[in-house]
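Here the structure is laid out as structure tokens; the discussion comes afterwards.
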Amino acid sequence: MIREALAQKVTSAIVALHKAGTLPVASLGTVEIADTKQPEHGDYACNVAMTGSKLAGMNPRALGEMLATELSSDDAFEAVDVAGPGFINFRLTQAYVSRFVTLVSCVSLLPTASNPKKINVEFVSVNPNGPITIGSGRGAAYGSTLCNVLEAAGNEVHREYYVNDGVNSEQMRLFAESVKALLEGREVPENGYKGDYVQGVADALRGSVPADADLNELKLQAELLMIEKQRLDLAAFGVNFDTWFSEQSLHDAGEVDAEVAALLASNVADEKPVRTKLKLAKGGKIEDVEVEPQDEGDTLWLRSTKFGDDMDRVLRRRDGRLTYIASDVAYHKDKFNRPADTDKLITVLGPDHHGYIGRLQAVVAAMLIAEGQVNPVSNDEPLSETEAKLYASMEERNLCLAAIKQAQEKLDVQIFQLVRFLKDGKPAPMRKRDGNIFALIDLITEIGEKMRPEGTPEEKQQAGSDVARFFYLMRSHDTTFDFDLNLAETKSDENPVFYVQYAHARICSILKKAEMEPIAGQYTERPELELIKKVVDLPNEISRCAEDYGVHRLVTYSIELARAYHHFYNECRVINMEDIPTSQSRLALCQVTQIALQTTLKLLGVSAPEAM
RNA sequence: GCCCCAGUAGCUCAGUGGAUAGAGCAGCAGCCUUCUAAGCUGUUUGUCGGAGGUUCGAGUCCUCUCUGGGGCGCCA
């Protein structure tokens with residue numbers, strides 16, 4: 001907000017200098033407004049004199065001086081200095097900063113969308129064979145927050161959960177067999193599912209499912225129970241979806257068969273008895289291509305190596321059953337309908353799925369070719385030795401390379417890294433005694449019990465969810481992190497969730513207590529001005545998060561905002577009956593801070609309590 | 001073997017290619033007759049794993065390398 005205004009001023013100054021003939025170009029590239037490292041350097045700094053010095057054909061200092069002189073007449077600035085190698089440092093007048101409080105009161109703190117897109121975000125998507133685990137919790141927290149942020153940045157977002165309920169799924173078959181065994185009073189099979197909840201599923205189905213029900217019918221009923229359980233657990237965690245998309249529905253509608261036929265017709269899938277495996281040497285060059293002879297059955301291969309995958313993938317097994325890859329092709333085609341004419345698909349996957357990036361890109365690339373949506377690039381280079389092993393012709397290579405490029409633009413796979421739980425400084429076991437991974441709902445309940453022992457069940461759940469979400473989101477999703485259970489259950493200033501929520505509660509308390517109208521005024525105290533600057537930075541933070549999907553910065557921002565408020569609170573008394581105008585202007589500042597805090601916490605899916 | 005992630009203060013971690021690399025915790029010293037002390041103030045802390053390279057400028061980008069975590073099924 002304030003940065004955009006300053007960038008605008010710099011841009012105008014550049015244009016003005018160009019018109020006056022003192023600057024040879026009308027643009028020096030993107031103008032960025034950064035923080036100053038030292039308070040003595042002023043409020044904000046701009047490095048455009050350094051980045052644009054080549055374009056201008058001037059040395060950075062001279063260019064900086066020129067811009068500074070042009071800008072210094074603006075009454076927003078108390079001073080515009082050139083420092084160091086060519087930084088332009090801005091010192092803003094108190095009046096200029098103060099004006100933003102009025103502005104925030106009447107406009108939104110959300111960024112203005114520059115290039116809104118239609119985006120489908122798929123996240124969590126675990127098999128319907130158990131509760132949501134604490135590992136998936138990170139994906140749930142990350143994915144839902146990413147959706148909120150993308151939406152806040154002006155995009156149309158569709159939240160999607162892919163239900164892996166295909167009849168061909170080995171895992172789901174095993175799950176159904178485990179339930180069936182328990183129903184019939186037998187031991188669960190060797191590699192079966194042994195958690196307590198499996199017994200729960202069996203108990204729930206006893207009576208409602210006929211004793212002679214076949215495995216598929218049983219599987220269907222068990223899945224429905226598990227999906228409902230997952231839905232409830234996620235809802236308790238503040239995670240909701242627009243679509244729970246059934247894999248099996250694609251099979252039932254014949255879309256998988258149709259897509260497989262299209263792949264065959266497009267020559268990106270075939271039944272030749274070889275699988276290509278690429279051995280990648282250092283530097284990413286293909287060193288060798290290995291073939292595996294198959295002597296039985298007709299396996300159908302997706303030639304994903306044509307699209308950068310490291311080996312071809314099975315579409316149809318020797319026994320005739322289609323694999324999940326086959327459904328994936330049809331699924332990705334279908335996903336572009338939610339929302340209609342989707343520009344971009346984002347898939348959030350766990351650390352064990354990072355090998356999927358290549359094959360999912362290949363799936364989309366193959367699908368785009370099968371659908372005739374690829375415009376090949378022209379390239380007259382003859383096939384290289386390695387390319388000749390993958391492609392029959394230059395035309396095919398050009399088509400496939402274009403397809404990969406398009407797929408990479410359309411599909412973004414975000415991998416979140418491992419989360420480790422620590423208790424008393426030591427790694428806590430992720431599995432319960434029954435061998436099953438801890439459920440997210442248990443984590444929420446456990447933290448909630450500690451935080452709000454006297455609370456209602458709803459309050460406990462909210463408290464547990466707040467803490468868990470905040471912790472999951474504190475670190476970059478792309479980094480392994482330790483979830484400190486002791487810290488999460490601490491009711492003290494060490495716990496950052498409460499630090500932020502407490503700032504909000506304090507504001508609510510003051511606004512309630514003050515019996516006068518908040519009216520924005522002039523701010524002169526340092527904590528006031530720093531707080532204003534922090535508040536108006538929110539749109540900028542949201543835009544940045546939406547650009548690179550690094551939503552953890554929003555958590556850092558919330559802590560910084562809370563800190564700025566606590567500083568202000570201690571330094572500047574708000575309610576003072578002997579100075580009504582100051583009280584009113586400070587109340588207005590409290591109010592805009594409240595808006596910023598609420599907006600941020602809402603994006604994070606954390607509640608903003610009015611009292612603590 | 002290949003792929004992903006990480007290595008920054010005693011600990012946990014921030015860090016838009018920019019200036020003298022920052023917070024929190026822990027330690028020490030203070031602040032409640034005053035709007036919620038779940039708060040605030042002061043103070044100590046660095047071979048940004050290592051080596052090259054690109055750049056006017058590298059914790060940040062590239063290559064190599066060391067250490068640690070994770071992943072590589074006609075399972076999903």
Side-chain angles (χ1 to χ4, degrees), chain A residues 32-38 41 45 47 50-51 53-54 59-60 83-87 89 125-127 129 164 166 169-174 191 247 275 278-283 294 297 299-301 310-311 313-319 321 323-325 328 350-358 415-418 420 422 425 474-476 478-482 484 487 490-503 505-514 540 544 547-548 552-553 555-556 559-560 562-563 565-567 569-571 573-576 583 586-587 590 611-612:
Chain A
E32 285 183 5
I33 304 297
D35 293 328
T36 52
K37 281 273 154 70
Q38 314 275 315
H41 292 150
N47 65 357
M50 291 181 287
T51 55
S53 67
K54 267 186 191 155
N59 83 59
F87 291 100
N89 288 332
S125 297
V126 297
N127 285 327
N129 56 11
N164 301 117
S169 163
E170 286 295 321
Q171 291 172 23
M172 292 314 300
R173 191 181 50 78
L174 199 55
N191 296 319
E247 177 189 353
R275 157 182 267 192
L278 303 185
K279 292 203 168 171
L280 299 173
K282 279 178 189 170
Q294 300 282 185
T299 304
L300 179 64
W301 299 93
D310 57 356
M311 65 172 100
R313 305 289 165 179
V314 175
L315 283 172
R316 198 181 55 226
R317 302 174 177 107
R318 254 170 270 163
D319 61 14
R321 291 181 303 152
T323 67
Y324 70 98
I325 299 252
D328 263 359
D352 51 334
H353 285 66
H354 93 259
Y356 267 42
I357 301 174
I415 303 290
F416 63 90
Q417 297 293 329
L418 204 75
R420 202 167 51 138
L422 295 183
M474 270 197 294
R475 309 281 176 242
S476 164
D478 207 16
T479 305
T480 50
F481 96 104
D482 293 334
D484 187 331
L487 183 58
T490 302
K491 284 174 77 173
S492 82
D493 54 345
E494 295 167 43
N495 197 330
V497 192
F498 289 87
Y499 185 83
V500 176
Q501 290 185 322
Y502 187 54
R506 271 185 155 176
I507 293 172
C508 293
S509 171
I510 284 191
L511 290 174
K512 202 168 162 190
K513 196 158 206 159
N540 181 47
R544 283 183 56 206
E547 253 167 56
D548 65 5
H552 68 288
R553 274 199 309 267
V555 175
T556 309
I559 294 172
E560 286 170 358
R563 180 172 302 126
Y565 183 77
H566 288 312
H567 286 188
Y569 180 93
N570 267 64
E571 294 289 318
R573 181 157 181 97
V574 176
I575 303 172
N576 178 1
S583 302
R586 286 181 174 168
L587 279 170
C590 288
M612 290 172 73

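Since the model is a prediction, treat every value here as computed from it, not as a measurement. Chain naming here is simple, since letters A, B, ... match the order of the sequence lines and numbering starts at 1 in each.
Distances from the side chain of A:R475 to the nucleotides B:A76, B:A14, B:A37 place B:A14 closest. In this structure, of B:C35, B:A19, B:A38, it is B:A38 that holds the atom nearest to the side chain of A:Y502. Nearest nucleotide to the A:A45 side chain, out of B:U34, B:G70, B:A19: B:A19. Side-chain atoms of A:R317 lie closest to B:A76 of the nucleotides B:A76, B:U16, B:C56. Residue A:T36 has its side chain nearest to B:A19 when only B:A19, B:A37, B:U16 are considered. When the nucleotides B:C74, B:A76, B:C40 are ranked by their closest atom to the side chain of A:H567, B:C40 comes out on top. Ranking B:C74, B:A76, B:C40 by closeness to the A:H353 side chain, first place goes to B:A76.
Among all heavy-atom pairs drawn from A:H353 and A:I415, the shortest one is O-CD1, 3.9 Å.
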Quick test: give all pairs of protein nitrogen or oxygen and nucleotides 4-9 of chain B nitrogen or oxygen below 3.5 Å, distance rounded to 0.1 Å.
| from | atom 1 | to | atom 2 | distance (Å) |
| --- | --- | --- | --- | --- |
| B:C4 | O4' | A:H354 | NE2 | 3.3 |
| B:C4 | O2' | A:Q417 | NE2 | 3.4 |
| B:C5 | O4' | A:Q417 | NE2 | 3.4 |
| B:C5 | O3' | A:D478 | O | 3.1 |
| B:C5 | O2' | A:D478 | O | 3.2 |

Summary of protein contacts for nucleotides 57-62 of chain B, nucleotide by nucleotide, where a base hit scores B, a sugar-phosphate-only hit scores S (4.0 Å, heavy atoms): ------
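Taking a pair to require two hydrogen-bonding distances under 3.5 Å in either a Watson-Crick or a G-U wobble arrangement, B:U20 remains unpaired.
In this structure A:D482 satisfies the salt bridge (charged side-chain N to carboxylate O under 4.0 Å, His left out) test together with A:R420, sequence neighbours excluded.
Looking at A:S169, its side chain never comes within 3.5 Å of a backbone N or O of A:G166 through a donor-acceptor pair.
Separation of the C1' atoms belonging to B:A23 and B:A9 is 11 Å when rounded to the nearest angstrom.
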